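A quick write-up on the structure given underneath.
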Amino acid sequence: MVEYIHVEDVLSEDMVDREVYLRGWIYRKRRTGKLIFFVLRDSTDIVQCVVEKNVVGPEKFKNLDKVGVESSLWIRGVVRREERAPTGYEIHVNDFGIVGPSHNFPINKDKSDEFLLDNRHLWVRSRNMNAILKIRDTVFEAIHGFFRENGYYETQGPMFVTGAVEGGSTLFEVPYFGKKAYLTQSSQFYLETLIFSLEKVYTVAPSFRAEKSRTRRHLTEYWHAEAEAAWYHNDDMIADEEEMIVYIIQRLLEKRKKELRLLNRDVKFLEGIERPFERMKYAKLVEFANEHGVEMNYGDDLGADEETMITKHFDRPVFVTHYPIEIKPFYHRPDPDDPKVVLCHDMLAPESYGEVIGGGERIYELDVLLRRMEEEGLNPENYYWYIDLRKYGSVPHAGFGLGVDRLVWWLAGLDHIKHAIPYPRTIRRVKP
Ligand code: 4AD
Ligand code: MG
């Protein structure tokens, strides 16, 4: 039995002069006389390979010459040190076999963003996407790791729902056997029910928003990591989030430096992110904005543009708290000391990225909840089960939602959120 190894395992001094078996795809290829140089890529890295006509025979040499980039193949060859090769080593191929030939691979250097998105199913093979997908994998892994190490149970809410969490304007309606249902905007309310059983819960699931906004940060389908904890107040939740973000960054720095560098991410910047993060009340943020040339009145919601301009002045995340009650959904708990503001928080990422987390303390008093729903014109019948939680042993609690694609977008230093997810869904795109 032949033992195949990965390209990554070949790129070291102790592999020099050893014969290895590899398999993967042709990333680049050129011929000079009786030599073919190609770069082999697999999931782990790339390595230059050299094939001599005299070694493999004229028949095989011709076959290799004919196929294009992205052909899949296996090779047997000897590892040599080669300074001029892209990853410092070279394989002298003794034998190979083409597994799946490829001709005229549609993607080459000068393709537009639009073309690359139409061909996302092929573009995911690119080195950049490969690096992004690995960073994303580590971010998901770290999210689960953090919650599990901190006493949260993983759970799931439904995707088909009958009510809005974040206001009705961004609901996707779906026909549901003669009735109407919606795709969920957030699993928050279901998590709130589950804390009465498990106390601390989290879920990582898609959320759907019929967002009309065409910005660098909006998807219509995105991955949402949400948590909810009984007995927590706003500051307790903020403390967990801060710890979680640092935990995720630590994992990335342990496992993904190579990928971050490949994307030209400033790794030093990430290394410098420490607790405590900045904290700022909304009122202060409005002042800060105006001092930095961003016109904002008290009571204005923060749009993408404001966030971009404000957060470029930060070198670590900022928790903005105490928003005016009018600009936040009904479930946020009014501050007992100043009921015109709510005990909530948004975490804004620095470097012009902006909101990555939204969370806060929930109203747990029945009368307050009913009053807030009435003020917002919501029909209590649609929320009977949410209201029930305040009737049968209610407890103070808090939670948050983290946009995972936004987090990847920021941590990987990408220019648009669509690069942070394998198959982005936006107003204009539902394929491939
Ligand atoms: O701020 P949002 O709307 O808050 C909620 O949904 C709460 N119910 C969460 C909770 O407390 N359980 O959304 C939370 C996060 C945002 O901070 C943002 O990172 C992300 O979800 N998000 C989006 N990400 C990509 N595309 C969109 N259209 C997004 N909308 C929100
Ligand atoms: Mg928000």
Side-chain angles (χ1 to χ4, degrees), residues 136 139 143 147 152 155 157 161 163-172 182-195 200-229 232 234 237-238 240-241 244-245 248 282 301-304 306-307 311 317-321 323 327-333 342-349 353-363 386 397-411 414 416-421 424-429:
R136 187 176 165 96
V139 168
I143 288 171
F147 282 127
Y152 287 83
T155 187
V161 299
V165 179
E166 297 298 313
S169 68
T170 65
L171 282 172
F172 275 110
Y182 305 100
L183 295 176
T184 189
Q185 293 168 318
S186 159
S187 301
Q188 177 191 325
F189 291 178
Y190 293 95
L191 294 187
E192 285 187 58
T193 68
L194 290 160
I195 61 163
K200 286 168 75 174
V201 294
Y202 82 97
T203 193
V204 181
S207 279
F208 303 88
R209 305 277 170 107
E211 300 266 13
K212 295 267 161 48
S213 11
R214 282 221 296 258
T215 69
R216 303 190 301 143
R217 67 187 66 188
H218 284 95
L219 297 167
T220 52
E221 175 183 333
Y222 72 95
W223 282 82
H224 206 172
E226 295 185 273
E228 204 66 33
Y232 267 47
N234 201 33
M237 206 72 247
I238 288 177
D240 273 15
E241 290 161 36
M244 176 186 68
I245 296 295
I248 295 168
Y282 167 89
D301 206 354
L302 261 74
E306 288 79 21
E307 284 182 19
T311 61
V318 193
F319 285 104
V320 183
T321 61
Y323 281 73
I327 60 173
K328 285 288 173 188
F330 73 94
Y331 56 74
H332 286 288
R333 181 159 183 250
V342 288
L343 296 171
C344 69
H345 59 269
D346 278 1
M347 192 194 82
L348 311 184
Y353 282 90
E355 183 188 341
V356 167
I357 294 180
E361 202 167 315
R362 322 307 189 187
I363 298 172
Y386 191 66
H397 62 286
F400 71 89
L402 159 77
V404 187
D405 319 279
R406 285 207 188 164
L407 185 64
V408 172
W409 169 59
W410 166 47
L411 294 176
L414 307 173
H416 197 293
I417 196 171
K418 68 191 173 194
H419 301 307
I421 180 167
R425 294 291 177 254
T426 59
I427 340 178
R428 290 185 304 158
R429 180 167 295 279

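This is a predicted model, so every value here is computed, not measured. All ligand and atom numbering here is 1-based and tracks the order in the structure.
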Distance-only donor-acceptor check, side chains Q188 and Y331, under 3.5 Å: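 Checked: Q188/Y331 side chains pair up, N/O donor to acceptor below 3.5 Å.
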N/O/S from E355 sitting under 2.8 Å away from the Mg ion (ligand 2):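 Yes, within the cut-off.
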Backbone or side chain, does any N or O of [X] fall under 3.5 Å from an N or O of ligand 1?
{"X": "G403", "result": "yes"}
{"X": "E166", "result": "yes"}
{"X": "L402", "result": "no"}

For [atom], which protein heavy atom lies nearest, and how many Å away is it?
{"atom": "atom 22 (N) of ligand 1", "answer": "Y222 CZ, 3.3 Å"}
{"atom": "atom 12 (N) of ligand 1", "answer": "E226 OE2, 2.7 Å"}
{"atom": "atom 2 (P) of ligand 1", "answer": "R209 NH2, 3.9 Å"}

Check each atom of ligand 1 against the heavy atoms of [X] and keep those under 4.0 Å away; list them by number with element.
{"X": "G358", "answer": "9 (C), 10 (C), 11 (O), 17 (O)"}
{"X": "L219", "answer": "25 (C), 26 (N), 27 (C), 28 (N)"}
{"X": "E211", "answer": "28 (N), 30 (N)"}
{"X": "R362", "answer": "10 (C), 11 (O), 12 (N)"}
{"X": "R217", "answer": "25 (C), 26 (N)"}

Residue that, paired with W223, satisfies side-chain contact (heavy atoms from CB on, under 4.5 Å) out of I143, L402, V404: V404
Passing candidate, side-chain contact (heavy atoms from CB on, under 4.5 Å) with F319, options N234, I238, D346: I238
Residues E307, R217: salt bridge by 4.0 Å N-O rule: yes
